[in-house]
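Step one of this worksheet: look at the structure below.
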Amino acid sequence: MAIYSFYIFDRHTECIYSRTWLPPPAPPSQSSADGPHIPPPQSQTLSAKSSSDNAKLIFGTVFSLRNMVRKLGGDDDAFISFRTAQYKLHYYETASNLRLVMLTDTSTLSMRNVLHQIYINLWVEYVVKNPLSPVEHKGGEGVRNEMFEMGLDQFVRGLM
Amino acid sequence: MSHLGPGKASTSVNGKDQILPAIGGPGGGGGSSSSSGGALRYPSNGKTIYHRPLNRSKTSELSQASFAYLFSEMVSYAQRRVTGIQELEKRLNLQGHPIGLKLLDLLLIREPPRSQTRPLNIITLLHFIKINLWMHLFGRQADRLEKSSDAATPDEYMIIDNEPLVNAYISVPKEMSQLNCAAFVAGIIEGVCDGAVFPARVTAHSVGGKEEGEMWPGKTVFLVKFQPEVLEREALIGKG
Amino acid sequence: MTIFALIIINKAGGLIYHRTFHEGGLQKISTNDYLVLAGTFHGVHAITARLNPLGNHNTNRLSSSSSAGIRPDPPSGLEVLESENFRMQCFTTMTGIKFLLFSDTTQTNVDIIMRRVYEMYTDYVMKNPFYQLEMPVRCDLFDRKLLSYIREMNSR
């Protein structure tokens, strides 16, 4: 089971954290005659630019779907996940309107627990209880501290 | 897959067939020709070229979906620049008429020689339609044949079909609820009657109800109304 | 094991058919709300096709194997949506029509049901000479057959 990426959105609809664990693009061993290949350094900058766009798209999708599910299933219904042919997206919303989104491959089962664990063991411990981090994480400040990143990395790699 | 015979008006000439008047087709019916020096020869099992369907594939069947799409296009075509439902039904009727004319000859010649007689009265003709025509077109017989019990119209007969094949996929919109696309089949029946010199007017009427528990929601009655001269002739023959 | 509702969306994102089969599964919402929902979902579906995290990497890896003539599948949109109270399956046809089937979370054979609904659509809607493409579906036979089939499924 492969985990592709992870995003956190706060209640001001801003993306305050994003992280990907995708495998690096395989260096082409033989030069292929068909089609140009993007050399790695270029693809890094491309993905850096588009990752913020990605985050916005993900938030928009998640927001619309959440509203749709609420409308259809009643006010207490919660959107859990959706799947396409290529990936699966898991969603977890906390009582403080903090939204955790994780993209995995299609064969993964429910990640609700995992997201819940990330919230209680990593977020609450290392970000909320951190006296140096601000209350509102505008622009992501206060989230990217070492302990949180290390803990998250360990946790996710342990799952993969 | 329903059994729809190739009796539709098809003008394609099959390149393999040579119309040799004396021989019953190449390998026709597997029968050996019996010769009698100069006279017209028939194969011994009585099967002429007219007994073989044009569509000689293994199953010699047509998919119902192909027919449904073709008929759907025929209905749309008939609907163009038409002023009302009566005219639409009339056009469908006209589309079916030549088919009836040709089918009459084909079906009569395919009968076994003993019963190859012309239908001479109304009842025989209607039985021919109910059994032979329906079997050829739809693979089953028509459900009921009735004579009108109304004394004022002794010239009306009714053929009842619980589920006309041509209407299988058609849902008529509410604003056109009087339309029944089986007017096409009514045209075929009219062609058969006219070809047998029993001039008539045939119309299709839907009598299936709209309730939930209705067994046959698409039930259709084909009303055959013969011209007065047919009844006169019938009376004369009856007396004689 | 119940099917709650069926929604059909055309190529442009407009709602062309919606029918509820079981009260109490989903909230009752007005036709207008259904229209809005269909449009929203159409947009979301298009976005999810683009959110594929594997986009760049697949093309790089497969560029050497494309000499074998195998074309990678184009990214597809959302197929299954799960929530606490219901589950939604989306089937996209080759012509861009989307069938959304809402069922409860324990429904097992949604694929088969979806296939059957698609068959009924092609039979009683597409073969109807009075149906205009991309317009709302108003075919009596389709309604009838669909209702009897889903009722049978729901009562099992």
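Numbered from 1 within each chain, the chains take letters A, B, ... in sequence-line order. Keep in mind that this is a model prediction, so the values were computed, not measured.
Atom CZ of R19(C) has more than 12 neighbouring heavy atoms from other residues, nucleotides or ligands inside a 6.0 Å radius. Around the CZ atom of R140(B), the shell of radius 6.0 Å holds more than 12 heavy atoms that belong to other residues, nucleotides or ligands. By the neighbour-count criterion of 12 heavy atoms within 6.0 Å, atom CZ of R201(B) is sparsely surrounded, having that number or fewer from other residues, nucleotides or ligands. No more than 12 heavy atoms of other residues, nucleotides or ligands lie within 6.0 Å of CD in E163(B), so this atom counts as exposed by the packing criterion. No more than 12 heavy-atom neighbours from other residues, nucleotides or ligands sit within 6.0 angstrom of NZ on K145(C).
Looking at F130(C), the atoms closer than 4.5 Å to chain B (heavy atoms on both sides) all sit in the side chain, from C-beta outward. Looking at L70(B), neither its backbone nor its side chain comes within 4.5 Å of chain C, counting heavy atoms on both sides. The part of M176(B) that comes within reach of chain C is its side chain, from C-beta onward, which places non-hydrogen atoms under 4.5 angstrom from that chain. The part of A168(B) that comes within reach of chain C is its backbone (N, CA, C, O), which places non-hydrogen atoms under 4.5 angstrom from that chain.
The shortest side-chain heavy-atom distance between Q79(B) and P129(C) does not fall under the 4.5 Å cut-off. Counting only heavy atoms from C-beta outward, the side chains of N128(C) and S72(B) never approach each other to under 4.5 Å.
When all heavy atoms of Y169(B) and K127(C) are compared, the closest pair comes out as CD1-CD, 3.4 Å.
Separating the OG atom in S171(B) from the CG atom in L141(C) is a distance of 4.0 Å, to the nearest 0.5 Å.
For Y34(C), the ring-ring contact (aromatic ring centres under 6.0 Å, His included) criterion is met by H18(C), not counting sequence neighbours.
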